[in-house]
Amino acid sequence: IAVVAPSPVPFTFGVAERFWLDLARALNEHTPHEVELLKVPSPEGNFWEVLASYRRFFELDLSIFDAVISSKYPAWMVRHPNHILYMQHKLRGLYDTYPAHLPTAWPDCRELAELGRLVAEPNPTPAEAEALFALLETWRERGGERNWFAFPGPVTRAVVHFLDRVALRPEAIRRYGAISRTVAERADYFPPGVEVHVAHHPSGLAVSPRPMSAGPVLFTASRLDGPKRIGLIIRAFRRVTGPVRLEIAGSGPEEQALLALAAGDERIRFLGRISDAELVQAYARARAVVFTPFQEDLGLITLEAMNAARPVITCSDSGGPLEFVEDGVTGRVVAPEPAAVAAAIESLWADRR
């Protein structure tokens with residue numbers, strides 16, 4: 001079995017990378033199968049890089065394997081008669097988080113008419129994907145970019161949707177799966193009418209219940225990026241007046257902005273990127289975990305916190321965590337507002353039991 005996946009450029013090790021390693025390891029150790037993890041560098045700094053990555057997987061010959069498992073764009077472009085999809089997510093910026101201020105309608109432009117007819121095909125085939133790659137290669141060679149290929153934008157969105165329809169059509173996928181109900185129920189993620197098997201995969205981090213620490217620590221671990229809404233946590237925490245400390249693990253593009261937002265509050269500590277052993281210790285120190293992303297696919301921090309027997313504070317629009325957190329039982333589910341999150345923190349600190 002080949003587990004096939006994209007490798008980020010520049011390389012970073014995150015939740016997806018851990019998932020692929022754990023999936024390959026679990027299949028090798030607990031089933032009679034032999035599994036190889038195959039990764040292809042897949043930059044996505046602009047549309048042309050994304051397109052090239054889709055094409056590399058489309059042209060990848062994996063016929064030496066008996067089965068192929070893919071879980072993320074553009075790896076599912078591989079063609080194999082025994083192809084299993086276990087979806088993490090699509091290119092979200094062109095699907096469920098596509099900017100609301102951008103148009104979705106195809107531009108009324110005669111030069112784009114041929115491309116428009118091609119990507120409008122509801123049930124495209126691999127032959128039509130080859131035609132699209134050839135057409136766009138011609139476009140790029142003659143410098144016909146202008147603003148039509150802005151990323152994100154209506155043209156690039158339509159092209160990626162077209163390629164995903166080719167890859168995920170019922171004739172190409174033997175079985176459909178998703179890592180959460182949140183992913184399974186998103187619009188345009190799966191072909192209409194197909195059955196999607198939901199399986200929550202485990203974390204792989206060796207966390208176990210430990211006695212609660214004496215220290216009043218609130219903990220979170222995430223990539224420091226917009227959709228994770230670490231800023232919401234910091235704004236909420238600055239409203240909390242009790243003897244609580246906040247520890248934030250992770251790194252990312254919003255790190256400097258978040259440091260500035262937390263400046264002056266000595267109770268907030270940024271841990272940076274930490275090892276698995278340090279992460280286990282951080283859960284052990286925590287009295288509770290706060291995780292308030294927007295529409296998270298699954299959210300392994302939720303499972304890790306529960307393995308450590310720590311309650312989780314999350315939000316009503318956080319997606320995957322809502323499949324596990326029951327308000328008032330295993331944590332708190334509140335509105336995505338600083339005042340509501342702050343009140344949830346204080347309610348947990350007021351009721352240690």
(request) Answer with yes or no after comparing the ring centroid distance for F65 and H80 against a 6.0 Å cut-off, counting only values under it. (result)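 Distance test on ring centres: not under 6.0 Å, no.
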(request) Taking the six-membered ring for Trp and the full ring for Phe, Tyr or His, determine whether the centres of F19 and Y86 are under 6.0 Å apart. (result)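 Yes, they do, as the ring centres are separated by less than 6.0 Å.
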Will you find, in the side chains of [X] and [Y], an N or O donor that is under 3.5 Å from an N or O acceptor?
X: Q88; Y: S71; result: yes
X: E44; Y: S53; result: no
X: D164; Y: Y95; result: yes

(request) Give, for atom CZ of R175 and atom CD1 of I69, the distance between the pair rounded to the nearest 0.5 Å. (result)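 The CZ atom of R175 sits 11.0 Å away from the CD1 atom of I69.
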(message) To the nearest 0.5 Å, what is the distance between CD1 on I173 and CG on L85?
(response)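 Atom-to-atom, I173:CD1 and L85:CG are 5.0 Å apart.
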(request) Please check if the side chain of S63 supplies one atom and the backbone of D61 the other of a donor-acceptor pair under 3.5 Å. (result)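 Pair absent, no side-chain N/O of S63 close to backbone of D61.
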(request) Please check if the side chain of S318 supplies one atom and the backbone of P293 the other of a donor-acceptor pair under 3.5 Å. (result)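 Side chain of S318 to backbone of P293, a donor-acceptor pair under 3.5 Å: yes, one is there.
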(request) Look at the aromatic rings of F190 and Y176 and report parallel, tilted or perpendicular, splitting at 30° and 60°. (result)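 The arrangement is perpendicular - the two ring planes meet at more than 60°.
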(request) Check the angle between the aromatic planes of F149 and F47 and answer parallel, tilted or perpendicular using the 30° and 60° thresholds. (result)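 Ring orientation, 0 to 90° scale: parallel.
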(message) With a 6.0 Å cut-off (strictly less than), is the heavy-atom count around CD of E114, excluding the residue itself, greater than 12?
(response)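 Incorrect, the count does not exceed 12.
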(request) Might you confirm whether atom CG of D66 has over 12 heavy atoms from other residues, nucleotides or ligands at distances under 6.0 Å? (result)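 Atom CG in D66 is not crowded, with 12 or fewer foreign heavy atoms closer than 6.0 Å.
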(request) Considering non-hydrogen atoms only, spot the tightest contact between R210 and V280 and give its length. (result)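 Heavy atoms only, the tightest pair is NH2-CG1, 3.7 Å.
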(request) Please name all residues satisfying salt bridge (Lys or Arg N to Asp or Glu O under 4.0 Å) with R223, sequence neighbours left out, ordered by chain then number. (result)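 Scan of R223 (salt bridge (Lys or Arg N to Asp or Glu O under 4.0 Å), adjacent residues dropped) gives D225.
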